[in-house]
Amino acid sequence: MALDLKVTSNVRKVQARYVKFLNRFPRIIQKGLDQAGEQLKTIIVKRTELGKDQDGKRFIGYSPAYAELKGKTTVDLEDTNQMLQSISSKVVSRNKAQVFFRSQREATKGLFHQKGMGNLPKRKFFGFNKKTEKVIQRTYENFLKKEIRRLGIWVQEKTLHRI
């Protein structure tokens with residue numbers, strides 16, 4: 001008496017999916033980092049336009065004479081708006097995005113506001129707090145999960161670690 005056992009396997013399909021995943025994963029991370037940098041840039045600019053510092057507190061107000069000259073009381077660091085428009089972001093390594101000023105002149109203006117140099121009071125606008133960091137991190141993780149699902153690879157919730 002003999003038993004014949006025939007086993008079929010989808011190993012080739014699984015291998016193809018993982019090869020596809022391994023080839024695309026670096027690009028997914030790069031795209032996610034680019035989006036995270038742009039998100040931080042947008043948060044900094046919008047928060048500054050609302051007159052709030054990196055911790056969400058209102059900026060130190062203008063002097064009465066300067067407020068009268070400008071015709072506004074909200075400090076939004078927008079005189080010609082070139083400083084905020086000069087803020088940009090880029091991916092600088094495989095696990096790091098950077099937000100920076102494209103113009104050295106605008107970076108110097110930003111430094112004067114950030115540190116309170118000259119006659120300017122200290123107005124910390126160029127930075128982020130833990131709350132902002134968590135928002136960007138969650139967005140990044142959700143992007144990675146969505147892209148991995150799009151590749152057709154199932155990922156358990158506990159196997160995707162924070163980066």
Side-chain angles (χ1 to χ4, degrees), residues 3-59 74-115 123-163:
L3 293 174
D4 289 334
L5 179 63
K6 183 177 180 183
V7 177
T8 57
S9 172
N10 64 350
V11 170
R12 296 243 187 257
K13 286 183 181 179
V14 171
Q15 284 176 338
R17 281 187 178 183
Y18 281 109
V19 167
K20 179 180 175 183
F21 172 73
L22 291 175
N23 288 337
R24 289 192 182 172
F25 196 65
R27 287 184 297 225
I28 292 171
I29 290 176
Q30 180 90 3
K31 188 175 177 183
L33 283 172
D34 188 41
Q35 288 179 0
E38 282 296 317
Q39 184 180 14
L40 179 58
K41 177 193 112 170
T42 303
I43 288 170
I44 289 171
V45 170
K46 286 190 184 296
R47 189 183 57 217
T48 303
E49 288 172 347
L50 293 173
K52 295 184 179 181
D53 68 5
Q54 67 188 25
D55 296 321
K57 298 176 186 168
R58 289 221 148 306
F59 288 131
T74 303
V75 178
D76 55 9
L77 304 183
E78 291 182 8
D79 189 17
T80 62
N81 204 22
Q82 291 177 350
M83 183 180 73
L84 294 180
Q85 288 178 351
S86 176
I87 296 174
S88 189
S89 71
K90 67 179 177 180
V91 177
V92 292
S93 70
R94 38 178 228 147
N95 60 355
K96 185 178 177 181
Q98 184 179 60
V99 178
F100 62 98
F101 288 94
R102 289 186 307 269
S103 164
Q104 183 63 41
R105 181 174 182 203
E106 304 308 321
T108 304
K109 284 184 201 175
L111 177 67
F112 275 50
H113 283 290
Q114 186 81 8
K115 300 283 185 178
R123 295 183 176 121
K124 292 188 174 191
F125 73 100
F126 198 74
F128 58 92
N129 57 17
K130 285 289 185 188
K131 183 179 174 184
T132 304
E133 182 180 359
K134 287 180 182 179
V135 166
I136 292 171
Q137 191 174 38
R138 248 180 291 154
T139 304
Y140 179 75
E141 287 174 358
N142 290 337
F143 171 78
L144 285 181
K145 288 176 190 176
K146 183 183 85 171
E147 290 296 313
I148 290 170
R149 272 194 304 260
R150 228 174 65 165
L151 289 174
I153 299 172
W154 180 73
V155 177
Q156 281 184 323
E157 187 69 30
K158 293 181 181 178
T159 60
L160 188 62
H161 298 286
R162 292 178 188 239
I163 297 173

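None of these values were measured; they are calculated from a predicted model.
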Engineer: In Å, rounded to the nearest 0.5 Å, how long is the span from NZ of Lys130 to NZ of Lys134?
Structural biologist: 7.5 Å

Engineer: Apply side chain to side chain contact (heavy atoms under 4.5 Å, CB included) to Lys146 and list each qualifying residue two or more places apart in sequence or on a separate chain.
Structural biologist: Arg149

Engineer: Between Arg150 and Glu147, does any side-chain N to carboxylate O distance fall below 4.0 Å?
Structural biologist: yes

Engineer: Ring pair (Phe, Tyr, Trp, His ring centres under 6.0 Å) with Phe126: which residues, sequence neighbours excluded?
Structural biologist: Phe101

Engineer: Among residues at least two apart in sequence or on other chains, which ones pass side-chain hydrogen bond (donor to acceptor under 3.5 Å, both in side chains) with Thr80?
Structural biologist: none

Engineer: Taking all non-hydrogen atoms of both residues into account, name the closest pair between Ser103 and Ser86 and its distance.
Structural biologist: N-OG, 3.1 Å

Engineer: Minimum heavy-atom separation for His113 and Leu77, please, with both atom names.
Structural biologist: ND1-CD2, 3.4 Å

Engineer: Check whether the side chains of Asn129 and Thr132 place a donor and an acceptor atom closer than 3.5 Å, and report yes or no.
Structural biologist: yes

Engineer: Name each donor-acceptor pair under 3.5 Å that joins a side chain in residues 42-52 to protein atoms two or more places apart or in another chain, with its distance.
Structural biologist:
| residue | atom | partner | partner atom | Å |
| --- | --- | --- | --- | --- |
| Thr42 | OG1 | Glu38 | O | 2.9 |
| Arg47 | NE | Asp53 | O | 3.2 |
| Arg47 | NH2 | Phe125 | O | 2.9 |
| Arg47 | NH2 | Gly127 | O | 2.9 |
| Thr48 | OG1 | Ile44 | O | 2.7 |

Engineer: Apply the test side-chain contact (heavy atoms from CB on, under 4.5 Å) to residues Phe128 and Val99: give CA-CA distance (whole Å), side-chain angles for both, the deciding distance (0.1 Å), then the verdict.
Structural biologist: CA-CA 11 Å; Phe128 58 92; Val99 178; over 6 Å; no

Engineer: Please name the pair of heavy atoms, one in Arg102 and one in Ser88, separated by the smallest distance, quoted to 0.1 Å.
Structural biologist: NH1-CB, 3.4 Å

Engineer: Out of curiosity, Lys41 NZ to Lys90 NZ, how far, rounded to the nearest 0.5 Å?
Structural biologist: 14.0 Å

Engineer: Between Asp34 and Gln30 (side chain of the first, backbone of the second, donor and acceptor by atom type, cut-off under 3.5 Å), is there such a pair?
Structural biologist: no

Engineer: Please examine the side chains of Phe143 and Ile29, heavy atoms only from C-beta on, and report whether any two atoms are closer than 4.5 Å.
Structural biologist: no

Engineer: Please identify each residue that fulfils side-chain hydrogen bond (donor to acceptor under 3.5 Å, both in side chains) with Glu106, with sequence neighbours left out.
Structural biologist: Lys109

Engineer: If you round to the nearest 0.5 Å, how far is CG of Leu144 from CG of Leu33?
Structural biologist: 8.5 Å

Engineer: Suppose we screen for salt bridge (Lys or Arg N to Asp or Glu O under 4.0 Å). Which residues come up paired with Asp76, at least two apart in sequence or across chains?
Structural biologist: Lys72

